[in-house]
Amino acid sequence: MLDEHRSGRFTAWGNALLAGYAAPDDAAHHITGSDAIHRVTGLPGESGPVGLTLALGRLRALGATGLRLALPVPGHPLGLSGPPEFNALALEAEEAVLAPEAGVGLVPEVRAAGSGPDAADLHVEVVWRCSPVRDAPPADVPSLGEAERELAEALREATEVLTRLDVAGAGPVARAALEAYRARAERDRAILAPGYPQRAARVLELAQRVAALVALAYGTGDGGSHEHGGAMSASGIAARAAALRPVERTARRALVAAYNAPVERRERGRS
């Protein structure tokens, strides 16, 4: 969860486009990011794969006025609304974009291609596969206000877990990860997209901080690391996972709430 999900970028810049805050080519550029190319397949009205610019226009023509992010994991179908066939695809990828008014959802399939051992020689291609979705309330997505309140407690809990694990003394890899987290938290970043409320950006920033701490805690003290003096016992690993699970769940719920803020705001205005 340290890096931005591709489905998050698609949701944010797709919402910016649908609200008139971004041009189609700009939205497609930001969704693609550092990847080589993105294609969309299975889109209603299209016989084959199409580029992002055309796909975003097609979603608007199909009636989409807002996109939603889903970040499901086994046992927690966060942001999904069915049917089971789409939910299964999204669970496998652990992310998806929903355009419920258009009746479709998109799941990314990531392919790395290239030659040579150097990562710089690789290029990433993404195929977004469309499937029907229900226009129904998404599972377990909090409001932006609820997410912000929950995150404050989650941040305290994650910090306490790190203190108990003594991350600072866990070894050079853990110390480097901690320093990288601190640098990431301190530097300014362009997050979300035009048209998002300030509160959504604030919730996303805090959720990413909590997620970074959780990832750091999961990466310390396990038996798979060769830098520690002794491997953590099975009971210790289980206890750590139990302590972190609700914190990680809170961070994922907040991420979804932040990316879905324009849809929440519009629905609140209609109620």
Side-chain angles (χ1 to χ4, degrees), residues 3-20 22-74 76-114 122-141 193 252 255-256 259-260 262-263 266-267:
D3 296 321
E4 187 179 24
H5 295 83
R6 288 178 174 86
S7 293
R9 293 203 305 265
F10 197 120
T11 301
W13 285 94
N15 280 329
L17 169 69
L18 292 172
D25 288 342
D26 287 341
H29 171 74
H30 282 92
I31 293 169
T32 302
S34 61
D35 298 332
I37 191 170
H38 283 222
R39 296 288 185 191
V40 181
T41 186
L43 203 57
E46 300 295 337
S47 58
V50 299
L52 281 174
T53 302
L54 193 155
L56 290 167
R58 174 63 68 184
L59 288 174
R60 180 160 50 188
L62 289 168
T65 60
L67 304 180
R68 289 175 174 159
L69 172 66
L71 296 178
V73 295
H76 189 204
L78 176 62
L80 298 179
S81 58
E85 296 79 9
F86 178 79
N87 288 0
L89 294 173
L91 275 166
E92 184 176 354
E94 296 191 352
E95 62 176 297
V97 179
L98 282 72
E101 296 159 318
V104 299
L106 303 94
V107 176
E109 179 181 301
V110 182
R111 304 167 180 170
L122 298 177
H123 67 274
V124 175
E125 299 179 359
V126 179
V127 176
W128 294 88
R129 301 197 177 279
C130 293
S131 301
V133 296
R134 294 174 182 154
D135 188 357
D140 198 36
V141 177
R252 281 192 303 108
L255 285 170
V256 171
Y259 280 105
N260 293 1
V263 177
R266 190 174 61 254
E267 291 178 346

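Atoms NE2 and CG, on His76 and Leu91 in that order, are 10.5 Å from each other to the nearest 0.5 Å. His5 contributes atom NE2, which lies 5.0 Å from atom CG of Leu71 (distance to the nearest 0.5 angstrom). Taking CG from Asp25 and CG from Leu56, the interatomic distance works out to 10.0 Å, rounded to the nearest 0.5 Å.
Asp140 is linked by a salt bridge (Lys or Arg N to Asp or Glu O under 4.0 Å) to Arg249, Arg253, counting only residues two or more places apart in sequence or in another chain. Under the salt bridge (Lys or Arg N to Asp or Glu O under 4.0 Å) criterion, Arg60 pairs with no residue at all, not counting sequence neighbours.
Between Ala96 and Val107, the shortest heavy-atom distance links the atoms CB-CG2, 4.0 Å. Taking every heavy atom of both residues into account, Leu59 and Ala99 meet most closely at CD2-CB, 4.3 Å. Of all the heavy atoms in Ala70 and Leu98, the pair that sits closest is CB-CD1, 3.9 Å. Smallest separation of non-hydrogen atoms from Leu43 and Ala55: CD2-CA, 3.7 Å. Between Leu17 and Ala27, the shortest heavy-atom distance links the atoms CB-CB, 4.2 Å. Pairing each heavy atom of Arg129 with each of Thr41, the nearest pair is NH1-CG2, 3.4 Å.
No more than 12 heavy atoms of other residues, nucleotides or ligands lie within 6.0 Å of CD in Glu92, so this atom counts as exposed by the packing criterion.
Within the 4.5 Å cutoff, the side chain of Leu54 has heavy atoms near those of the Glu46 side chain. Put simply, the side chain of Phe86 does not reach to within 4.5 Å of the side chain of Val104, judged on heavy atoms. No side-chain heavy atom of Pro100 sits under 4.5 Å from any side-chain heavy atom of Arg134. Contact check for Cys130 versus Val40: side-chain heavy atoms found under the 4.5 Å cut-off. Ile37 has its side chain out of reach of Thr32: every pair of non-hydrogen atoms, C-beta onward, lies at least 4.5 Å apart. Side-chain contact between Thr65 and Arg266 is present, with at least one heavy-atom pair separated by less than 4.5 Å. With a 4.5 Å cut-off on side-chain heavy atoms, Asp35 and Arg9 count as touching.
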Verdict with supporting geometry, Leu78 and Val141, side-chain contact (heavy atoms from CB on, under 4.5 Å): CA-CA 7 Å; Leu78 176 62; Val141 177; 4.1 Å; yes
Derivation of the side-chain contact (heavy atoms from CB on, under 4.5 Å) call for Thr11 and Asn260: CA-CA 8 Å; Thr11 301; Asn260 293 1; 4.1 Å; yes
Derivation and outcome, side chain to side chain donor-acceptor pair (under 3.5 Å), residues His38 and Arg6: CA-CA 10 Å; His38 283 222; Arg6 288 178 174 86; 4.6 Å; no
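A side chain to side chain contact (heavy atoms under 4.5 Å, CB included) with Phe10 is found for exactly one of Ile31, Asn15, Val126, namely Ile31.
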